Amino acid sequence: MADLTEARRDARRRRSAHDETARLAKHLYAEKEALFTFLTHDGVDATNWRAEQAIRPAVVNRKVWGGNRTWREAATQARMMSLIHTAPSRTST
């Protein structure tokens, strides 16, 4: 992990001739604590596969029914799918 941290510092010190590259480097530096969390914390996945699988039913539903015709419909569907898929995983205390 120390090697990665040092490599990030070195990359940050170097200047880029391209604005987009510099903007990306700045963003990566700002997010440095979150980028490699999976290396330092057990149980944190390295990919977003679980998240993509969690939203798959909503994506299939949207494709089958022709999508949302308004932003209000999209927001309603997002809330409903969130509720439907998170409610079973919640534990009552």
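Here the structure is a predicted model, which is why all the values come from computation and not from measurement.
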*By salt bridge (charged side-chain N to carboxylate O under 4.0 Å, His left out) - contacts of Arg50 (at least two apart)*: Asp45
*Is the CD atom of Glu20 crowded by more than 12 outside heavy atoms at less than 6.0 Å?*
no
*Looking at residues at least two apart in the chain, or sitting in another chain, which of them share a side chain to side chain donor-acceptor pair (under 3.5 Å) with Asp42?*
none
_Quick one, Lys26 and Tyr29 - any side-chain contact, counting heavy atoms below 4.5 Å?_
no
*Cluster question for you: counting only ILVMFWY and a side-chain heavy-atom cut-off of under 4.5 Å, with indirect links fine, are Leu35 and Leu39 together?*
yes
*Residue pairs fulfilling salt bridge (charged side-chain N to carboxylate O under 4.0 Å, His left out) with at least one residue in residues 67-83, sequence neighbours excluded*: none
*Give, for atom CD1 of Ile55 and atom CG of Asn48, the distance between the pair rounded to the nearest 0.5 Å.*
8.5 Å
*asked:* If you define the side chain from C-beta out and look only at heavy atoms, does anything of Gln77 sit under 4.5 Å from Met80?
replied: no
*In the single-linkage hydrophobic clustering (I, L, V, M, F, W, Y; side-chain heavy atoms under 4.5 Å), do Phe36 and Leu28 co-cluster?*
yes
*asked:* Taking Ala78's backbone N and O only, do any of them form a donor-acceptor pair with Ser82's side chain (distance below 3.5 Å, no angle check)?
replied: no
